[in-house]
Amino acid sequence: SKIVLATGNAGKVRELDAMLAPLKLHVVAQSEFDVPEVAETGTTFVENAIIKARHAARITGLPAIADDSGLVVDALGGAPGIYSARYSGEGATDAKNIDKLLAELQDVPMDARSARFICCLVYLRHADDPTPIICEGAWEGRIAREAFGEGGFGYDPVFYVPALAKTAAELSKEEKNAVSHRGQALKALLAKLGE
Ligand code: ITT
C-alpha cells in the first residue's frame with residue numbers, strides 16, 4: 001500500500017528516501033500528484049506538520065507523512081524556528097537565508113552561537129485520522145562564522161557539529177541521517193509504524 005511523502009523540499013525527499021528505500025513501504029513523492037501548496041498557519045512544528053500531512057492525504061486519498069522542520073538559534077530567541085524556510089523573506093533561497101543568519105549573529109561570540117535543528121514527522125492513515133503518529137528529533141550544534149561544505153541543503157553549511165568537528169554540509173547523506181534531527185524522527189516513526 002502506498003504512502004505519500006507530503007513535502008516539496010527536494011533536500012528532505014533525498015534524505016527521507018535514502019532511509020525509506022530499503023523498506024517494504026511504498027513511499028511516493030508528493031510531486032507525483034497535483035498537490036497545491038497549503039498555508040502553514042500553525043505556530044508550532046507539530047501543527048504545521050499535521051496541516052501538510054492532512055492536506056496531502058485529503059488530495060491523494062493516501063496515507064501521508066509530512067516533515068516540518070527548522071533551525072532554532074538561542075541567541076535569536078529561537079528564530080528562525082518555524083519560519084526557517086522563509087527567513088530572508090519573499091524569494092528566499094538557502095544562500096540568502098544563510099546570509100541573513102550570519103549577519104544577525106555578526107557580533108555573537110562562538111560560545112553563544114548554540115542552535116539545534118528540529119524535525120517533526122507526522123503520519124496520518126487518512127485525512128481525518130484522529131490519532132496521528134507524531135515523532136520529533138533534535139540535533140544540537142552551533143552556527144559557524146562562515147559556510148563550509150557542499151552537501152545537504154538549507155542551513156547545513158553553517159550548522160557546525162562539535163562532536164564531528166564538521167558542518168552538516170560536510171557529512172555524507174548517510175552520515176547526516178545517522179545523527180540528524182530528521183534521521184532520529186524517522187527512526188522513531190518507523191519503530192511506531194512497525195508496532
Ligand atoms: P515543505 O513544507 O514542502 O516540506 P519547506 O522547505 O517549506 O518544505 P519547512 O517549512 O519545514 O519546509 O521549512 C524547513 C526549513 O528549515 C528548510 O527550508 C531549511 O531551511 C531548514 N531545514 C530543515 N531541515 C534542515 C536540514 O536538515 N538541514 C538544513 N536546513 C534544514
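By convention here, the first residue in the shown sequence is residue 1. One-based numbering, in listed order, for ligands and for the atoms of each.
In summary, the atoms of ligand 1 found under 4.0 Å from a heavy atom of Lys176, numbered by their order in the structure, are 26 (C), 27 (O), 28 (N). Those atoms of ligand 1 that come under 4.0 Å of a heavy atom in His181, given as number and element, are 24 (N), 25 (C), 26 (C), 27 (O). Less than 4.0 angstrom separates some heavy atom of Asp68 from each of these atoms of ligand 1: 9 (P), 10 (O), 11 (O). Short contacts between ligand 1 and Glu40, defined as distances under 4.0 Å to a heavy atom of the residue, involve ligand atoms 2 (O), 10 (O). Atoms of ligand 1 lying under 4.0 Å from at least one heavy atom of Lys52, given by number and element, are 1 (P), 2 (O), 4 (O), 9 (P), 10 (O), 11 (O), 12 (O). Contact atoms of ligand 1 toward Asp67: 4 (O), 11 (O) (distance under 4.0 Å to a heavy atom of the residue).
Between the side chains of Asn9 and Thr7, no donor N or O sits under 3.5 Å from an acceptor N or O. A donor-acceptor contact under 3.5 angstrom links the side chains of Thr43 and Glu47, judged on distance only.
On a distance-only criterion, Ser69 and ligand 1 share at least one N/O pair closer than 3.5 Å.
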- Item | Chi angles and distances behind the salt bridge (charged side-chain N to carboxylate O under 4.0 Å, His left out) call for Lys173, Glu15 | CA-CA 7 Å; Lys173 191 170 54 189; Glu15 292 177 11; over 6 Å; no
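For the ligand labelled ligand 1, residue Asp156 lies inside the 4.0 Å heavy-atom shell. Within the 4.0 Å heavy-atom cutoff, Leu71 does not count among the residues contacting ligand 1. Using a 4.0 angstrom heavy-atom cutoff, Glu37 does not count as in contact with ligand 1. Not close to ligand 1: Ala168, with no non-hydrogen atom less than 4.0 angstrom away.
For atom 30 (N) of ligand 1, the nearest protein heavy atom (residue, atom name, distance) is Tyr155 N, 3.1 Å. In this structure, the protein non-hydrogen atom closest to atom 24 (N) of ligand 1 is Arg182 NH2, 3.0 Å. For atom 3 (O) of ligand 1, the closest heavy atom belonging to the protein is Gly8 N, 2.8 Å. Atom 12 (O) of ligand 1 has its closest protein heavy atom at Lys12 NZ, 2.8 Å. Counting only heavy atoms of the protein, atom 18 (O) of ligand 1 lies nearest to Ala85 CB, 3.4 Å. With hydrogens left out, the protein atom closest to atom 6 (O) of ligand 1 is Asn9 ND2, 2.9 Å, a heavy atom. Looking at atom 29 (C) of ligand 1, its nearest protein heavy atom turns out to be Phe153 O, 2.9 Å.
For Asp94, the salt bridge (charged side-chain N to carboxylate O under 4.0 Å, His left out) criterion is met by no residue, not counting sequence neighbours. By the salt bridge (charged side-chain N to carboxylate O under 4.0 Å, His left out) test, Asp128 pairs with Arg58, sequence neighbours left out.
Follow the hydrophobic side-chain contacts under 4.5 Å out from Ile118 and you reach Tyr83 in the same cluster.
Contact of the Leu121 side chain with the Ser69 side chain is not registered, since no non-hydrogen atoms from C-beta on lie closer than 4.5 Å.
Residue Asn48 is tested with Val38, Asp67, Ile82 for a side-chain contact (heavy atoms from CB on, under 4.5 Å); the sole match is Ile82. Of the options Arg116, Arg142, Arg113, a side-chain hydrogen bond (donor to acceptor under 3.5 Å, both in side chains) to Asp74 is made by Arg116 and by none of the others.
Going from atom OG1 of Thr167 over to atom CD of Glu150 covers 9.5 Å, rounded to the nearest 0.5 Å. Of the inter-residue distances, the one linking Phe45 atom CZ with Glu40 atom CD reads 10.5 Å to the nearest 0.5 angstrom.
Counting all heavy atoms, side chain and backbone alike, Tyr87 lies closest to Asn97 at N-OD1, 3.5 Å.
Within the 4.0 Å heavy-atom criterion, the part of Phe117 lying near ligand 1 is the side chain and not the backbone.
Nearest to atom 1 (P) of ligand 1 by heavy atom, out of Ile98, Thr7, Asn177, is Thr7.
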